[in-house]
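Chain A is the first sequence line, chain B the second, and so forth, proteins listed ahead of strands; every chain is numbered from 1. Keep in mind that this is a model prediction, so the values were computed, not measured.
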Amino acid sequence: MRALPFLLVLAACKAEDDLDLGDPPEELELPDLTGVDLKAAYAAGLTTALQADTRVAWNAHVATVAMAEPGCPDFFAGTPDLEEMDVPEEPAWSWADHCTQPSGRTFGGFAWWQNDLAVTGDVEDAEGATSEAFRRIVADGVVAGADDVVAYEFDGEASDSLMFAEGEGWSQWTYSSLLDGTMTGTIPFDPAAGGIVGGYRAEMYVRSTGGDAQTVEARGNVYWFEHRIAERFDSVAVNLLWGAPDSLAPEECPLEPRGWIGLRTEDAYWFDIVFQPRFDDDPTGDPYQNIEYSPCDGCGTLYVRGLEQTDITVCPDLSFLWNGGLTHPEPNDFALSIRDQLGG
Amino acid sequence: MRPVNLVLSIALFIGCKSDGDADTSADLLPDDTPPEDTGEPWEFVDTGGADTLDDVPLDTLTLREWGTLTLTPAGGPYTGLSGELFVQEYENGVRPDTGDTDAEPVILGCDVAYGVAGVPFTGTPCDGCSPTFRVEFSLASGDRSGCHDPELPDDEDQWTLAWRAATEDLAKDWGDAGLWQHWSPGQVTGDVVTFEWQVTVGVSLEEEDE
């Protein structure tokens with residue numbers, strides 16, 4: 001749409017000046033997708049995107065804080081004395097150092113964190129018990145073993161919050177997470193665990209609910225340093241909103257989400273599958289000029305580098321989201337006190 | 001995120017991929033560093049050798065939190081608790097109670113006193129803990145916002161504290177979630193629990209002075 005005035009001007013100029021525009025552009029040659037299970041690839045892409053949350057960063061942070069020894073790293077009350085570091089100036093604990101422990105383990109950089117947990121009520125009461133928890137970590141630090149193998153490195157910020165209510169025979173929860181940073185190391189990405197290896201750079205927001213209503217909202221992207229989907233996709237980008245069939249309004253589509261999922265090949269081709277429009281002014285119209293949005297059939301419209309592919313239909317099974325695919329951290333996971341470690 | 005922003009983000013995402021994405025290198029220290037464990041908790045002694053780097057905080061902050069909790073009635077069985085919690089923070093080891101009358105008076109940024117009142121806790125205590133009390137803190141003097149300890153109670157905060165004889169410390173039920181964690185070393189004499197927790201950590205003072 002935006003290109004139309006430009007094209008008109010261009011056409012006018014061409015008519016008057018007979019400009020030589022050179023050779024016509026080469027036709028885009030699409031990567032060979034023979035043998036690629038796109039249904040499984042998109043399901044795997046969505047799964048790994050949703051897993052890129054604050055839990056990964058926090059759990060590794062807790063593990064490395066437990067490795068602290070007197071003097072290495074140095075703990076700080078509040079913000080460490082670092083120049084040119086964008087660290088919040090709020091009540092918190094932090095560590096900052098460049099040091100080596102007797103074992104050879106090294107700490108370099110800093111990590112700053114806040115966390116809180118409050119439980120009220122009683123599970124056995126009619127109103128049940130409610131846990132409200134929050135945590136946040138800002139870091140540019142690395143912890144490595146004596147063999148120089150990185151155990152945990154995080155450069156960025158992660159925060160999440162949980163509301164978990166439970167009573168006799170019922171529970172409901174809301175979990176939201178924002179992860180924006182680069183993370184590597186054998187603690188968050190244990191090669192023996194069979195999951196993602198090597199780490200990633202992520203900018204992901206995920207909000208999910210469970211219990212009486214199962215919903216998920218996700219937007220952002222993840223680039224894996226080593227992990228690949230279908231041996232060729234190195235990144236995923238999502239912007240979607242969906243709910244379980246029994247959690248949707250009658251006019252909403254239970255077969256597919258609103259929004260889209262994109263997978264990128266190593267040679268930078270984005271393969272985007274566009275489902276139901278995300279909003280009234282849905283982004284699927286920009287850059288995708290698909291006037292006819294995907295019908296509610298469980299299938300999406302495939303675009304490669306923004307070009308609609310009419311000969312390929314992708315109908316990924318994303319129902320795993322409503323069968324244990326959405327999880328939340330336990331309230332107790334938000335507890336971290338270093339008073340014991342500080343001694344005194 | 002607006003669509004245009006997302007497209008820009010993706011474009012940036014693509015553009016930034018090639019260099020350094022998998023660079024996990026850092027200024028790791030040589031692993032032949034001669035260790036020097038001071039044996040004391042969090043003393044800022046350079047633990048590295050002469051040829052290695054071990055950052056030490058430019059400024060330190062000593063956090064001191066102490067007080068007493070008196071159990072009533074005397075001799076038990078206890079049905080109530082009252083006491084105080086005092087909090088002071090000293091920058092770079094400078095304390096106001098040195099006895100040096102010629103020195104400039106030290107104005108503490110954190111000098112807080114709480115009153116503490118409690119009743120027996122009726123929930124599940126930690127193993128080996130007795131007594132266990134639900135206590136409420138009442139800010140009696142001072143400005144809590146000048147203190148750095150993020151775990152200090154707010155005025156009217158309620159905690160559950162328990163005496164652990166085996167480790168001679170007061171344990172706190174973190175978040176009232178049944179997570180009992182060390183809060184302060186102490187000792188019991190008759191019906192009185194005396195406690196004091198003191199540590200020295202790094203602090204950034206330059207930012208605060210600006």
Novice: Which heavy atom of B:Trp174 sits nearest a heavy atom of A:Ser337, and at what distance?
Specialist: NE1-CB, 3.5 Å
Novice: To the nearest 0.5 Å, what is the distance between OG1 (B:Thr60) and CG (A:Asp74)?
Specialist: 10.5 Å
Novice: Taking side chain as everything from C-beta outward and backbone as N, CA, C, O, which of these in A:Asp140 sits under 4.5 Å from a heavy atom of chain B? Side chain, backbone, both or neither.
Specialist: neither
Novice: What pair of heavy atoms forms the shortest contact from A:Phe75 to B:Val201, and how long is it?
Specialist: O-CB, 3.4 Å
Novice: Please determine whether the number of non-hydrogen atoms from other residues, nucleotides or ligands lying under 6.0 Å from atom CZ of B:Arg134 exceeds 12.
Specialist: yes
Novice: Return yes when atom CG of A:Asp86 has more than 12 non-hydrogen atoms of other residues, nucleotides or ligands closer than 6.0 Å, and no otherwise.
Specialist: no
Novice: Checking A:Tyr200 against chain B: side chain, backbone, both or neither under 4.5 Å from a heavy atom?
Specialist: neither
Novice: Between A:Asp97 and B:Asp55, which heavy-atom pair has the shortest distance, and what is it?
Specialist: OD1-O, 3.0 Å
Novice: Which answer fits A:Ala92, side chain, backbone, both or neither, if we ask what part of it has an atom under 4.5 Å from a heavy atom of chain B?
Specialist: backbone
Novice: For the residue pair A:Asp81 and B:Asp59, what are the closest heavy atoms and their distance?
Specialist: OD2-N, 4.2 Å
Novice: Distance from A:Leu342 atom CG to B:Gln198 atom CD, nearest 0.5 Å?
Specialist: 12.5 Å
Novice: Is it true that atom CG of B:Asp127 has more than 12 heavy atoms of other residues, nucleotides or ligands lying nearer than 6.0 Å?
Specialist: no
Novice: If you apply the rule salt bridge (charged side-chain N to carboxylate O under 4.0 Å, His left out), what do you find for A:Arg339 with B:Asp169, and how did you get there?
Specialist: CA-CA 12 Å; A:Arg339 287 179 79 99; B:Asp169 71 335; over 6 Å; no
Novice: I'd like to know which of B:Pro150, B:Ser184, B:Cys147, B:Gly123 tops the heavy-atom pair count under 4.5 Å against chain A.
Specialist: B:Pro150
Novice: Is it the backbone or the side chain of B:Leu63 that comes under 4.5 Å from a heavy atom of chain A, or both, or neither?
Specialist: side chain
Novice: Please state whether the side chain, the backbone, both or neither of B:Glu65 comes within less than 4.5 Å of a heavy atom of chain A.
Specialist: side chain
Novice: Find the distance between CD (B:Gln181) and CG (A:Leu336) and round it off to the nearest 0.5 Å.
Specialist: 7.5 Å
Novice: With a 4.5 Å cut-off on side-chain heavy atoms, are A:Phe76 and B:His148 touching?
Specialist: no
Novice: Mind listing the closest non-hydrogen atom pair of B:Leu61 and A:Ala77 along with its distance?
Specialist: CD2-CB, 4.1 Å
